[in-house]
Amino acid sequence: MRFTSEQRLDGGVLEREFTLGEIPGTLWTPESAAPAPLILMAHNNGLPKRDSRLVARARLTAAYGYAVATIDAAGCGDRPRSAADEQARADLRRAMQAGEPVDEIFESLVGPMVEQAVPEWRTALDALRALPEIVGPVGYSGWTALGIRLAVAEPRIAAAGFFAGGYVPRAQREEARQVTIPMLMLLQWDDEGNPRQRALDLFDAFGSKEKTLHANLGGHLGTPWFEREDGDRFYDRHLK
């Protein structure tokens, strides 16, 4: 792991860009010199690690006392995509705008993306856990399909927060039954991009004995600000 830049933010949070081979990432750590638990934070469906909503969440969570890391895995963010991936993205946008069925297009795009991303997230986790400023169990926050796969494959992840869940590949819907760690799932009741009943069915499928669903009125971008604070308290119960 090679750090390529750093800046000190308001609240004392240290933001550092890094590279790990071909993997670019960002690590936020709190002002305190004491080692902190790590939360892996991923945005939905390959959006870039510099997405403003992800960055805002990461900075606030780091200021609260956690180390937070994100990466652009293969095919995500600004990393190269195949011509087939680009065509699938274009087909998905067109079908959604036209109100046409999108399941098969979504499977062809997101299923392979999850499979390609998981090994790189695990590689990043290996390097991050070796840093002296990171200690203890690991949490996950964000993209549901990736989080399900990581929770099944990676025993170091002790708790997970998932967003929405209406569109999740069939393979991860089946794997959800194998997820047994504590989990918190956020659902926007009127989310135009995530079918509500599918999200509820997915929540029901998780094998966790401790699972919590927070549902709020509003569309995709309407998640209330207090949910981030509730999320921090959720991680406190399981990572500290």
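- Hydrophobic cluster membership is shared by Val110 and Val102, with clusters built from Ile, Leu, Val, Met, Phe, Trp and Tyr side chains linked at under 4.5 angstrom.
- We find that Glu133 and Arg16 are joined by a salt bridge, their nearest charged nitrogen and carboxylate oxygen being less than 4.0 Å apart.
- Thr144 places a side-chain N or O within 3.5 Å of a backbone atom of Phe163 that can act as its donor or acceptor partner.
- Of all non-hydrogen atoms in Phe18 and Thr26, the two that sit nearest each other are CE2-N, 3.4 Å.
- Formation of a donor-acceptor pair under 3.5 Å by the Lys211 side chain with backbone atoms of Asp204 is found in this model.
- Not a single donor-acceptor pair under 3.5 Å links the side chain of Tyr235 to the backbone N or O of Val138.
- Proximity of a side-chain donor or acceptor of Asp72 to a complementary backbone N or O of Lys49 within less than 3.5 Å is detected.
- Between the side chain of Glu15 and the backbone N or O of Leu27, no donor-acceptor pair lies under 3.5 Å.
- Aromatic pair Phe203/Phe162: ring centres not closer than 6.0 Å.
- When only modelled atom types and interatomic distance are considered, Thr4 and Glu17 share no side-chain donor-acceptor pair under 3.5 Å.
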- Could you walk me through whether Leu202 and Tyr167 pass the side chain to side chain contact (heavy atoms under 4.5 Å, CB included) check? CA-CA 10 Å; Leu202 178 64; Tyr167 284 117; over 6 Å; no
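- A donor-acceptor contact shorter than 3.5 Å is absent between the side chain of Arg228 and the backbone of Pro224.
- Linking Ile, Leu, Val, Met, Phe, Trp and Tyr residues whenever their side-chain heavy atoms come within less than 4.5 Å places Phe3 and Ile71 in a single cluster.
- The closest donor-acceptor contact from the side chain of Thr19 to the backbone of Pro24 lies at 3.5 Å or more, if one exists at all.
- The side-chain hydrogen bond (donor to acceptor under 3.5 Å, both in side chains) search around Glu107 returns none, not counting sequence neighbours.
- Side-chain N or O atoms of Glu154 include one that pairs as donor or acceptor with a backbone N or O of Arg156 at under 3.5 Å.
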- Assess whether side chain to side chain contact (heavy atoms under 4.5 Å, CB included) is satisfied between Leu213 and Leu200, documenting all intermediate values. CA-CA 9 Å; Leu213 175 68; Leu200 294 173; 3.7 Å; yes
